[in-house]
4 protein chains.
Amino acid sequence: MGSPSPSARVSAQRHRAAPPPATRFDRRLAEILTHATDVFCKKGYEGASMRDLSRASGMSLAGLYYYFESKERLLFLIQKHTFTTIVHRLKARLEGVGDPEQRVRIFILNHLEYFLANQSAMKVLSHEAEALKNGFASELAAIKREYYRICVSLLDELKGDRKLEFPTRIAVLSLFGMMNWIYTWHNSRVDADAEHLAREMGDIFLCGVMSGGKSRR
Amino acid sequence: MGSPSPSARVSAQRHRAAPPPATRFDRRLAEILTHATDVFCKKGYEGASMRDLSRASGMSLAGLYYYFESKERLLFLIQKHTFTTIVHRLKARLEGVGDPEQRVRIFILNHLEYFLANQSAMKVLSHEAEALKNGFASELAAIKREYYRICVSLLDELKGDRKLEFPTRIAVLSLFGMMNWIYTWHNSRVDADAEHLAREMGDIFLCGVMSGGKSRR
Amino acid sequence: MGSPSPSARVSAQRHRAAPPPATRFDRRLAEILTHATDVFCKKGYEGASMRDLSRASGMSLAGLYYYFESKERLLFLIQKHTFTTIVHRLKARLEGVGDPEQRVRIFILNHLEYFLANQSAMKVLSHEAEALKNGFASELAAIKREYYRICVSLLDELKGDRKLEFPTRIAVLSLFGMMNWIYTWHNSRVDADAEHLAREMGDIFLCGVMSGGKSRR
Amino acid sequence: MGSPSPSARVSAQRHRAAPPPATRFDRRLAEILTHATDVFCKKGYEGASMRDLSRASGMSLAGLYYYFESKERLLFLIQKHTFTTIVHRLKARLEGVGDPEQRVRIFILNHLEYFLANQSAMKVLSHEAEALKNGFASELAAIKREYYRICVSLLDELKGDRKLEFPTRIAVLSLFGMMNWIYTWHNSRVDADAEHLAREMGDIFLCGVMSGGKSRR
DNA sequence: AATGAATGAGGGTTCATTCAT
DNA sequence: CATGAATGAACCCTCATTCAT
């Protein structure tokens, strides 16, 4: 009860994919976005040229500009869509779940599942966090903050529920670190799938965080 | 007592900095390396131009090439020096310490201390891991592997000592994630110093990992 | 009569120039090629900068690269076109001519006529023979070899016809030397036109070569 | 007798090499000149960098400038020395020879012998004729003119002696073409030595030129 | 809806040369 | 006598972007 239950399962139910965009324009745009994501993932935002994107998407250089007004906006759209989606899914999954530990586990699973299912996009999101400037940067920062706040509140719930005392900020950021670092090492031929990883990272993180209430200080 | 002792202290003794390089050439080189590190940190490797480095180091563009044969080699030297130093210091600190938990805590402290004391260099090391190619990449990969192996062996010692069962690979990589992610959030005006961070991350990680032997599966 | 007839005439009929290339792109490309030829002629391949070519052709530096992927390929195209054309014309002129001496005279006239009508291109062809590397070099070498072989076979025909004994290789290469050296001295205000030159060089070369069967050794 | 005697022999007597330069400076300079000649031969004047010369001669970049005030002067010295030497040797060999045909054959032999014995230098002389500017160019042009005039006068003697009528200018320049072109094709493993080549080119050229008096026009 | 053609700015790198030592 | 250190100018080439069509 008071003790962590690291093996608590969170089912990795498949969410239905977002419906295909309505207009021809949006469909074509999404297509290009996908190719661009791969290129940014492979070469980095600065390292990728519009010519690379043109080649990858099979569209002329000038044609790209019909869909995106700039390379920076292209990155922005990728990051925004990725982030928005992950937040959106998280909210849906959290609905109706009351147990604080379970809720944190859902957070972790949601993150890792999306991460592994959309590795390129998530790497671009994680790795190119600083590439955007001014307006783009701040709009994205807002989403990021929301996501961060959700995690904070989940941990605060947990703390309240179990009378724990760990430092929330560091815990949250450590958790993000554990999870986001994945893009540097995950090898789908060697490493476990999202569900396993989520359980294992969840175990480490939750046990770590929850033992704090008892033995520390 | 078998139970983790998260508050175990590891003194953060200052190591004397490496002696200044002997030759004038090496000294000038190191100077440029320092400026370049800052620029790479701020703009990224791809985003930084040799002209930026020239400006930052107060040396003519052509002058830089007297010291470095290419931009890539410049990055290589930065990363190699940083990595070599951190490994070197770690080995010195581990010497004579027998307790497995203590040894892991030393690893964490050493990493974070160096990270915060050399934020730019460590960000360049972490963030630009993929920028190097071929020969440069493989030479650096060798050092990286050594560092990784040390961490693995520390955790294996801990596992053996306490009869634990957590998955080492994921534990190690989670730990690296927690620590390396710092560069994305650490704010010296807000966040604690290396010693505190090391204790807190150590607590989370060690408790997480060490509770595994008892309650899981 | 067995004796050389040095004054044998070869009419220098004008061939209609190749029709202008079909596409806008090709026309623009040819235009640039012409300017580049002049610049390479004046400054040499190494000595000419892309900026020089840009200036000469009235197109921006970057614009040039829309037509040519590299300076080397630019030179290649010039040389290939020049060589291909000269070979092509030669074959057309040789058709239907049976007399061996006449055929050699046609070879010389064809070479000199094209040389003087396209001095820049021919100088670039002669003088920058070593500037191309690898793939470019070998493709051009193939054309060169074909041209060389044609000349060899013409001289061999002559030898067979007149029972001569001169060393073909040296004769051919001497002839090429005589002709190609023109770019170092020909001054259109002082020197004769192609037809005269061809007759005179033809006289020297053919008499030299044909007297061999009788008086030597 | 009135007929050409193409096989007339010209002994290829070895001239003693010029005495070693007196001063240490001059000796070192000559050494560097030799290395530079090879580099210019291999890469061309424009294509060769001072760094290439430095590497080839084993002397520091700055050190070279103690001996030569500029790259251009370096080329000048090479060309001047080469040309001066060949003219000097020619004059010595012509001394005391009266027969016009023999004198022309000496000219050819002298040129080819020096050419093959000093291929690099002669290629640099032939190929980089236009690289020099202004003062350097004109000083070299003077030597060149002298050499050219000698050849003209030799042919005029021959014409007078045998009542020939060929056009001297074209004959001379054709002869130079035949000889100088050698650098583009001579392969010491395949092609004959200077004496043979001189006889064969002499045969072609002299027969060609001498038959002119009888059958032409 | 999409492209071919074009560009100014800037990329990394090398150049011939200098000068204090 | 010779060099290490340094530089401004220039190198070839690619960049993100535009615009008439």
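All heavy atoms count here, side chains included; hydrogens, waters and symmetry mates do not. Chain identifiers are assigned alphabetically (A, B, ...) following the order of the sequence lines, protein sequences preceding nucleic acid strands; residue numbering begins at 1 within each chain.
Near DNA chain F, defined here as any heavy-atom distance below 4.0 Å, the residues from residues 36-50 of chain C are C:Ala48, C:Ser49, C:Met50, listed numerically. DNA chain F lies under 4.0 Å from at least one heavy atom of each of the following residues of residues 64-73 of chain D: D:Tyr66, D:Tyr67.
D:Glu31 contributes atom CD, which lies 11.0 Å from atom CG of D:Leu33 (distance to the nearest 0.5 angstrom). To the nearest 0.5 Å, atom CZ of residue D:Arg51 and atom OG of residue D:Ser60 are 11.0 Å apart. Rounding to the nearest 0.5 Å gives a distance of 7.5 Å between NE2 of D:His81 and OG1 of D:Thr84. We find the CD1-CG distance between C:Ile86 and C:Asn118 to be 8.5 Å, quoted to the nearest 0.5 Å. From A:Asp38, atom CG reaches atom OG of A:Ser120 across 4.0 Å, with rounding to the nearest 0.5 Å.
Taking a cutoff of 4.0 Å between a charged side-chain nitrogen and a carboxylate oxygen, A:Lys123 and B:Glu130 qualify as a salt bridge. Ion pairing between C:Glu72 and C:Lys133 fails under the 4.0 Å rule for side-chain N and carboxylate O.
A:Glu128 places none of its side-chain heavy atoms less than 4.5 Å from the side chain of A:Phe40. Within the 4.5 Å cutoff, the side chain of D:Lys144 has no heavy atoms near those of the D:Leu140 side chain.
Between D:His127 and C:His127, the ring planes lie parallel to each other; the angle is under 30°, not in the 30° to 60° tilted range.
Taking atom CG of residue C:Leu74 and atom C1' of nucleotide F:dC12, one finds them 12 Å apart after rounding to whole Å. Between the C1' atom of E:dA16 and the CZ atom of D:Phe76 lies a distance of 20 Å, rounded to the nearest Å. Here the C1' atom of nucleotide F:dT7 and the CG atom of D:Leu61 are 13 Å apart, to the nearest Å. Taking atom CZ of A:Arg27 as the reference point, atom C1' of E:dA1 lies 14 Å away to the nearest angstrom.
Looking at the side chain of C:Ala62, the nearest of the listed nucleotides F:dT14, E:dG12, E:dG4 is F:dT14.
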*asked:* Show me the dot-bracket string of DNA chain E, counting Watson-Crick or G-U pairs under 3.5 Å, with | for pairs to another strand and [ ] for crossing ones.
replied: .||||||||||||||||||||

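Residue D:Phe25 is classed as having no contact, given no heavy-atom separation below 4.0 Å to the nucleic acid. Residue-level contact check: D:Arg51 touches the bases, meaning some heavy atom is under 4.0 Å from a base atom.
Donor-acceptor pairing under 3.5 Å, judged by distance alone, is absent between the side chain of C:Arg24 and the base of E:dG4.
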*Start with the C-alpha gap between A:Leu64 and A:Leu53, add the side-chain angles, then the distance that decides, and say whether side chain to side chain contact (heavy atoms under 4.5 Å, CB included) holds.*
CA-CA 8 Å; A:Leu64 292 177; A:Leu53 304 182; 4.0 Å; yes

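Heavy-atom nearest nucleotides on DNA chain F were determined for B:Ser60 and for D:Arg28, and the one closer to the 5' end corresponds to D:Arg28.
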